Amino acid sequence: MTSISPSRRLRRTPFSDGVEAAGVSAYTIYNHMLLPTVFRSVEEDYRHLKEAVQIWDVAAERQVEVRGPDAAKLIQMLTPRDLRGMLPGQCYYMPVVDETGGMLNDPVVVKLAEDRWWISIADSDLLYWVKGVAYGYRLDVLVDEPDVSPLAVQGPKADDLMANVFGDSVRDIRFFRFGWYEFQGRDLAIARSGYSKQGGFEIYLEGGEIGMDLWNALMEAGRPYDVRAGCPNGIERIEGGLLSYGNDMTDDNTPHECGLGRFCNTATAVGCIGRDALLRVAKEGPVQQVRAIAIDAKTLPSCDRYWPLMAGEKRVGRVSSAAISPDFGCGVAVGMVRMTHWDEGTQLRVETTEGAYDAKVYEKFWI
Ligand code: THG
């Protein structure tokens, strides 16, 4: 890969000027928008994320807003997670499935009010599915993509940095809850969440005009903590078992195959469009499932296609994301493995684009 041609179709974010000034060195495209992937190097970014604090432009996590009297009904139609106990001020990690039980997205849903929700989406055009469901069922809702851009503050020093900008009360925000905080006369929803296992917050900026003011205020407040621009880290997220839609799962997979069964209550999620399909497959149980895979390698190429997982001559699965972990001293990977070979400790071979390596199956990820 050489470089990406900029155009209007490839959307910038309210923070792109800050990201560029900070010396971004690689992007991916996510929801048709720029998403930084590397600043200094993936390894340097990783070490710094685990020791300090970073500001992440994750505006590419676009919001699908659902508003109106049927909002709660529509959101429940999307997911096998039972949302009846969810209160305004809460966020849920929520598998979204189609009529076959296939994964369409794995967003975080934010309940602003009974009649107002944000679906903070991974990389698929979920807006069109949600609009189609709303229209097809004649629901009394408005569905659109608002001008809302998440900015994440991640790392062990995130609480100290955030307290400097928004006051000490941000320290009391509980995991996957959010509160409202003022910045330049506007109210921002701030949640304790984010795509790393290092702790931190996500700020949902409504109104892109003040994006750079927010970015600069956070950078300034973080100076004592060695703050840097960062981004979701390809090594750390695999160590943490955070899945990537489109990489580690597609609409060919059920939530159970993805290891997301703990976020499903299919029996009681009445109204979920994929419910019957999931109840049918749940009876048998999945025949393949996501597993942590340790790879006995010192270097690995980029995982830009599935790498076969072999038991002798037999293909028993595939690796979809992989990296060398400085902290664990081996390759760490996300695999989808057939039932016959998914037990902890199973020895396999992985065929990368640059050679084959010994690989071992684990039931839990590293962090
Ligand atoms: N934050 C927000 N939106 C997002 C993401 C995010 N949209 C895209 C993408 N990330 C969606 N995917 C995930 C995957 C994992 C998690 C969040 C979003 C996650 N999982 C935790 C875990 O598995 O340990 C906690 C889940 C829980 O316990 O509820 O955080 O990151 N706004």
Side-chain angles (χ1 to χ4, degrees), residues 30-31 58-98 101-134 137 139 141-152 173-180 188-195 201-206 242-246 249 251 254-255 258-266 268-275 278:
Y30 196 93
N31 289 320
V58 285
E61 296 167 353
R62 300 316 290 166
Q63 309 305 301
V64 174
E65 179 167 296
V66 179
R67 253 176 315 151
D70 288 336
K73 180 179 176 190
L74 172 53
I75 304 278
Q76 187 64 80
M77 292 173 81
L78 305 177
T79 184
R81 186 159 180 183
D82 188 338
L83 304 176
R84 283 176 303 175
M86 189 178 183
L87 301 169
Q90 283 190 297
C91 312
Y92 274 8
Y93 184 39
M94 173 179 100
V96 172
V97 299
D98 66 15
M103 291 285 298
L104 292 179
N105 205 290
D106 68 329
V108 173
V109 67
V110 180
K111 183 170 182 177
L112 301 161
E114 200 55 42
D115 61 355
R116 187 166 177 236
W117 305 62
W118 285 335
I119 310 171
S120 185
I121 63 173
D123 185 26
S124 78
D125 293 321
L126 194 69
L127 179 66
Y128 305 135
W129 171 257
V130 181
K131 274 181 168 290
V133 170
Y137 285 89
L139 300 180
V141 286
L142 288 169
V143 180
D144 61 13
E145 184 188 302
D147 176 14
V148 172
S149 296
L151 186 63
I173 303 173
R174 290 156 61 197
F175 187 62
F176 269 58
R177 304 277 175 139
F178 69 91
W180 293 97
L188 308 179
I190 299 183
R192 189 179 290 279
S193 56
Y195 199 65
F201 301 86
E202 292 180 302
I203 305 166
Y204 291 85
L205 172 64
E206 247 182 302
L242 297 174
L243 302 182
S244 168
Y245 187 79
M249 58 185 146
D251 59 1
T254 64
C258 303
L260 300 181
R262 67 186 188 281
F263 301 107
C264 299
N265 326 90
T266 313
T268 61
V270 177
C272 168
I273 288 171
R275 185 163 171 261
L278 285 178

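Excluded from the calculations below are hydrogen atoms, water molecules and symmetry mates; all remaining heavy atoms, backbone and side chain alike, are included. The shown structure was predicted, so the numbers you read here are calculated from the model rather than taken from an experiment.
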Should [X] and [Y] count as side-chain neighbours, where that means a heavy-atom distance under 4.5 Å?
{"X": "Tyr204", "Y": "Ser120", "result": "yes"}
{"X": "Ser193", "Y": "Val108", "result": "no"}
{"X": "Phe263", "Y": "Tyr92", "result": "no"}
{"X": "Glu202", "Y": "Glu61", "result": "yes"}
{"X": "Glu65", "Y": "Arg67", "result": "yes"}
{"X": "Phe178", "Y": "Cys91", "result": "yes"}
{"X": "Tyr93", "Y": "Leu260", "result": "yes"}
{"X": "Thr266", "Y": "Cys272", "result": "no"}

For [X] versus [Y], what's the shortest heavy-atom pair and its separation?
{"X": "Glu206", "Y": "Val148", "answer": "CG-CG2, 3.4 Å"}
{"X": "Arg116", "Y": "Trp118", "answer": "NH2-CZ2, 3.7 Å"}
{"X": "Gly85", "Y": "Gln90", "answer": "O-OE1, 3.8 Å"}
{"X": "Arg62", "Y": "Ser149", "answer": "NH1-OG, 3.4 Å"}

Look only at the side chain of [X] and the backbone of [Y], and say whether a donor-acceptor pair between them is shorter than 3.5 Å.
{"X": "Arg192", "Y": "Ile173", "result": "yes"}
{"X": "Asp115", "Y": "Ala71", "result": "no"}
{"X": "Gln76", "Y": "Leu83", "result": "yes"}
{"X": "Asp123", "Y": "Asn31", "result": "yes"}

Please step through side-chain contact (heavy atoms from CB on, under 4.5 Å) for the pair Asp98 and Ile273, ending with a clear verdict.
CA-CA 6 Å; Asp98 66 15; Ile273 288 171; over 6 Å; no

Step by step, would you call Tyr245 with Cys258 a side-chain contact (heavy atoms from CB on, under 4.5 Å)?
CA-CA 10 Å; Tyr245 187 79; Cys258 303; over 6 Å; no

Residues that Asn265 engages under side chain to side chain donor-acceptor pair (under 3.5 Å), provided they are two or more places apart:
none

Here's a test for you: under side chain to side chain contact (heavy atoms under 4.5 Å, CB included), which of Val130, Val141, Val109 qualifies with Ile75?
Val109

Using side-chain contact (heavy atoms from CB on, under 4.5 Å), reason through Leu139 and Met77 one step at a time and then give a plain yes or no.
CA-CA 11 Å; Leu139 300 180; Met77 292 173 81; 3.9 Å; yes

Between CH2 on residue Trp117 and CE on residue Met94, distance to nearest 0.5 Å
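Answer for the CH2-CE pair, Trp117 versus Met94, is 8.5 Å.
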
Check the pair Thr254, Val97 against side-chain contact (heavy atoms from CB on, under 4.5 Å), reporting the backbone distance first and the verdict last.
CA-CA 8 Å; Thr254 64; Val97 299; over 6 Å; no

Within a reach of under 6.0 Å around OH of Tyr128, are more than 12 heavy atoms found that belong to other residues, nucleotides or ligands?
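12 or below, so no.
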
